[in-house]
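To keep things clear, I will list the structure first and then write my remarks on it.
Chain letters run A, B, ... following the sequence lines, proteins first, then strands; residues in each count from 1.
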Amino acid sequence: MINPLRGMKDLTFEESQRFEHIVNMASTIAKRYGYGYIETPILEETALFKRSVGESSDIVGKEMYQFIDKGDNDVCMRPEGTAGVVRAFISAKLDRQPVKQKFFYYGPMFRYEKPQKGRLREFHQFGCESFGEASVYEDFTMITMISQIFDALGIGYELKINSLGCVECMPPYRQNLVSFLSEINNELCEDCNRRIVTNPIRVLDCKNEKCQFHLVTSPKLLNNLCECCDSDFIELNKLLTKAGIKYTIDTNLVRGLDYYNKTAFEFVSNEIGAQSAIAGGGRYDKLVEFLDGKPTPAIGFALGIERIMELVKMPEIKREGYYMGAMVPEAIPALMTLAARKRLTDKVTVEFSSKGFKSHMKGVDKAYPQYAVLIGEDELKNGTLWVKNLETNEERTIAIDEF
RNA sequence: GUGGACGUAGUUCAGUUGGUAGAGCACCAGUUUGUGGCACUGGGUGUCGCGGGUUCGAGCCCCGUCGUCCACCCCA
């Protein structure tokens, strides 16, 4: 027996319905905010992810499904969605038009990780990317939209926000932090010492208590923002408060991908294990030009579909369509004709084997239709159908033509 | 990549100091050619993850391997 690869899952029945429901709900809401569907390739040049996500990140460093294809190209299964959408945006030369563009997407992402709860090798994200809008109102709008999606899905969440600064204020702060960390590096754990070199901001959210003790006096980015970043962050706080969206400022919130700047946010749930981030995103104003486009401010987010699947409250299922069956084999051809016609407008389940009444009714329970339609000896003889409405339990025998 | 737990029926699980596998649910058939969900009766559907070893004998003990789960790391 061949099973799916490690960390990859088949979705059927309730699970696939949940998946569909999430995508439908998120798409519907995103469209209301002006987002249009974009589909981009799953396979991209490896260089795209190295340049956008960043070589220092774990994603690029050790988690990519990367290989050389038959044409000698260095290619990679996308580990996240933003890079591909930005690439598509630039490929279509949309960066040369002064028009704001908003896209949503959903689909599989691949990371070669060790699977655990909420962490798969093939997982699915729904995401949005907004290009050309630098206003902090857009940051606020996006966060509002995500809250709305989670509300519509019946999911509880906590929102964390932070500002990562910009090219003006981040580099000096970073240098500042590195020198602070270097002075106390003897007190810090092994991981943190590694992070001082690879990604010093990450040291700030180390879970080691001893590290946290020594980090109390560390320089904080929020106190070192430039005027623009500072006022935008204050404005974002005001807007969220005014809109009644609960949030906390998490100065240690660092997004894992190199391209983020200014607003960073994360939605977390405490009900799904250690992998608690259910959505994350932020601004990436420099990424478009970094991938050879014209400077274009942008902001985006992605939510992990599998991570929220078990949190979603599903709407009640309703009876739908028809179950059709015959109690004598000779009636089956007539059934097929009726079914074909009904299927132009309704859901129809046809049982091809003729069997007893009771047996058919069991089939009816499984198919959960609104109507059961049966043909037995009498009906066949008289050219009629037996129809039962399973909601009202009303039964009728009608002429075939009336159906 | 590191650490820990666990792999028995479709599923959830039981299985004694080692003696050739069992229960609930699900499923199928029947009671019942004409009223389903309920009830009753019958049916086990299995490479005990895989491979080796110890033993007269392994689901159980040992080694290896694959896989799942959980945590770290990291992230959606």
Query raised in the report: When all nucleic acid strands are considered with a 4.0 Å heavy-atom cut-off, which category describes A:E113: base, sugar-phosphate, or nothing?
Result: base
Requested in this report: Apply side chain to side chain contact (heavy atoms under 4.5 Å, CB included) to the pair A:F150 and A:L311, showing each step before the final yes or no.
Outcome: CA-CA 10 Å; A:F150 286 142; A:L311 300 170; over 6 Å; no
Query raised in the report: Checking side chain to side chain contact (heavy atoms under 4.5 Å, CB included) for the pair A:L159/A:K246: CA distance, chi angles, key distance, verdict?
Result: CA-CA 7 Å; A:L159 169 62; A:K246 290 201 181 94; over 6 Å; no
Report task. Could you state the atom-to-atom distance from CD of A:E14 to C1' of B:G10 in whole Å? Result -> 14 Å
Query raised in the report: Expressed in whole Å, how much space separates the C1' atoms belonging to B:C60 and B:U17?
Result: 11 Å
Query raised in the report: Considering only heavy atoms from C-beta outward, does the side chain of A:T384 approach that of A:I400 to under 4.5 Å?
Result: no
Query - Basic-acidic side-chain contact under 4.0 Å: A:K366, A:E351 - result: no
Requested in this report: List in chain and number order the residues that pass side chain to side chain contact (heavy atoms under 4.5 Å, CB included) with A:E63, two or more places apart in sequence or in another chain; answer none if no residue qualifies.
Outcome: A:D58, A:I59, A:R111, A:E113
Query raised in the report: Between A:K262 and A:D285, is the closest basic N to carboxylate O distance under 4.0 Å?
Result: no
Query - Spacing of the C1' atoms in B:G59 and B:A21 (rounded, Å) - result: 8 Å
Requested in this report: Apply the salt bridge (charged side-chain N to carboxylate O under 4.0 Å, His left out) test between A:E138 and each candidate in A:K100, A:K102, A:R283; give the one that qualifies.
Outcome: A:K102
Requested in this report: Compute whether any side-chain donor of one residue and acceptor of the other, for A:E129 and A:T82, lie under 3.5 angstrom apart.
Outcome: yes
Requested in this report: Check the distance between B:A29's C1' and A:H360's NE2 and give it to me in whole angstrom.
Outcome: 15 Å
Query raised in the report: With sequence neighbours left out, what residues match A:E15 under side chain to side chain contact (heavy atoms under 4.5 Å, CB included)?
Result: A:L11, A:M309
Query raised in the report: With rounding to whole Å, what would you report as the distance between B:C25 and B:G43 at their P atoms?
Result: 15 Å
Query - Between B:G15 and B:G19 - C1' atom distance, rounded Å - result: 13 Å
Report summary line: From CZ of A:F123 across to C1' of B:C74 the rounded distance in Å is 11 Å
Can you name the atoms? Protein N/O to nucleotides 33-38 of chain B N/O, anything below 3.5 Å, with the distance.
{"from": "B:U33", "atom 1": "O4", "to": "A:M327", "atom 2": "O", "distance (Å)": "3.2"}
{"from": "B:G34", "atom 1": "O6", "to": "A:E379", "atom 2": "OE1", "distance (Å)": "2.9"}
{"from": "B:G34", "atom 1": "N1", "to": "A:E379", "atom 2": "OE1", "distance (Å)": "3.1"}
{"from": "B:G34", "atom 1": "N1", "to": "A:E379", "atom 2": "OE2", "distance (Å)": "2.7"}
{"from": "B:G34", "atom 1": "N2", "to": "A:E379", "atom 2": "OE2", "distance (Å)": "3.0"}
{"from": "B:U35", "atom 1": "O2", "to": "A:K388", "atom 2": "NZ", "distance (Å)": "2.9"}
{"from": "B:U35", "atom 1": "O2", "to": "A:E395", "atom 2": "OE2", "distance (Å)": "3.2"}
{"from": "B:U35", "atom 1": "N3", "to": "A:E395", "atom 2": "OE1", "distance (Å)": "2.6"}
{"from": "B:U35", "atom 1": "N3", "to": "A:E395", "atom 2": "OE2", "distance (Å)": "2.6"}
{"from": "B:U35", "atom 1": "O4", "to": "A:W386", "atom 2": "NE1", "distance (Å)": "3.4"}
{"from": "B:U35", "atom 1": "O4", "to": "A:E395", "atom 2": "OE1", "distance (Å)": "2.2"}
{"from": "B:G36", "atom 1": "OP1", "to": "A:K358", "atom 2": "NZ", "distance (Å)": "3.2"}
{"from": "B:G36", "atom 1": "O2'", "to": "A:D365", "atom 2": "OD2", "distance (Å)": "2.4"}
{"from": "B:G36", "atom 1": "O6", "to": "A:N393", "atom 2": "OD1", "distance (Å)": "2.6"}
{"from": "B:G36", "atom 1": "N2", "to": "A:R319", "atom 2": "NH2", "distance (Å)": "3.1"}
{"from": "B:G36", "atom 1": "N2", "to": "A:D365", "atom 2": "OD1", "distance (Å)": "2.6"}
{"from": "B:G36", "atom 1": "N3", "to": "A:D365", "atom 2": "OD1", "distance (Å)": "2.8"}
{"from": "B:G37", "atom 1": "O4'", "to": "A:D365", "atom 2": "OD2", "distance (Å)": "3.1"}
{"from": "B:G37", "atom 1": "N2", "to": "A:R319", "atom 2": "NH2", "distance (Å)": "3.4"}

Requested in this report: Mind checking side chain to side chain donor-acceptor pair (under 3.5 Å) for A:N237 and listing every partner two or more places apart, or none if nothing turns up?
Outcome: A:Y247
Report summary line: Here the distance between atom P of B:A29 and atom NZ of A:K355, to the nearest Å, is 6 Å
Listed pairs under 3.5 Å, donor-acceptor, residues 84-94 of chain A side chains, sequence neighbours left out:
{"from": "A:R87", "atom 1": "NE", "to": "A:S91", "atom 2": "OG", "distance (Å)": "3.4"}
{"from": "A:R87", "atom 1": "NH1", "to": "A:E44", "atom 2": "OE1", "distance (Å)": "2.9"}
{"from": "A:R87", "atom 1": "NH1", "to": "A:E44", "atom 2": "OE2", "distance (Å)": "2.4"}
{"from": "A:S91", "atom 1": "OG", "to": "A:R87", "atom 2": "O", "distance (Å)": "2.9"}

Query raised in the report: Who pairs with A:D74 by side chain to side chain donor-acceptor pair (under 3.5 Å), at least two apart in sequence or on another chain?
Result: A:T46, A:Q66
Query raised in the report: For atom P, what is the distance between B:C63 and B:C73, given to the nearest Å?
Result: 30 Å
Report summary line: B/S/- along nucleotides 67-72 of chain B (protein heavy atoms under 4.0 Å) is -SSSBB
Report task. Any chance you could encode RNA chain B as dot-bracket? Rule is Watson-Crick or G-U wobble with both distances under 3.5 Å; [ ] for pairs crossing earlier ones, | for another strand. Result -> (((((((..((((.....[..)))).(((((.......))))).....(((((..]....))))))))))))....
Query raised in the report: Should A:F126 and A:F19 be marked as a ring-ring contact (aromatic ring centres under 6.0 Å, His included) after you check the CA-CA gap, both sets of side-chain angles, and the distance that decides it?
Result: CA-CA 11 Å; A:F126 174 94; A:F19 187 99; over 10 Å; no
Report summary line: A:E63 atom CD is separated from B:G1 atom P, nearest whole Å, by 12 Å
Can you name the atoms? Protein N/O to nucleotides 25-28 of chain B N/O, anything below 3.5 Å, with the distance.
{"from": "B:C28", "atom 1": "OP1", "to": "A:K366", "atom 2": "NZ", "distance (Å)": "3.2"}

Query - Atom pair distance, as rounded to whole Å: CG in A:L311 and C1' in B:A76 - result: 13 Å
So which protein N/O to nucleotides 42-44 of chain B N/O distances come out below 3.5 Å?
none

Query raised in the report: What residues, two or more places apart in sequence or in another chain, satisfy side chain to side chain contact (heavy atoms under 4.5 Å, CB included) together with A:E320?
Result: A:K347
Report task. May I have the distance from A:I155 (atom CD1) to B:A76 (atom P), rounded to whole angstrom? Result -> 17 Å
**Report entry** Separation between the C1' atoms of B:C6 and B:A14, rounded to whole Å
**Finding:** 16 Å
Query raised in the report: Does a donor on one side chain sit under 3.5 Å from an acceptor on the other, for A:K220 and A:S218?
Result: yes
Report summary line: Taken in chain and number order and not counting sequence neighbours, the residues that satisfy side chain to side chain donor-acceptor pair (under 3.5 Å) with A:Y37 are A:E39
Query raised in the report: Nearest nucleotide by nearest heavy atom, which residue falls closer to the 5' end of RNA chain B, A:Y112 or A:G280?
Result: A:Y112
**Report entry** Rounded distance in Å between the C1' positions of B:U45 and B:C27
**Finding:** 9 Å
**Report entry** Test item: side-chain donor near acceptor, A:Q125 and A:E80, under 3.5 Å
**Finding:** no
Query - Inter-nucleotide C1' distance (B:A58, B:U16), Å rounded - result: 15 Å
**Report entry** Interatomic distance, A:F267 CZ vs B:A76 C1' [rounded to whole Å]
**Finding:** 13 Å
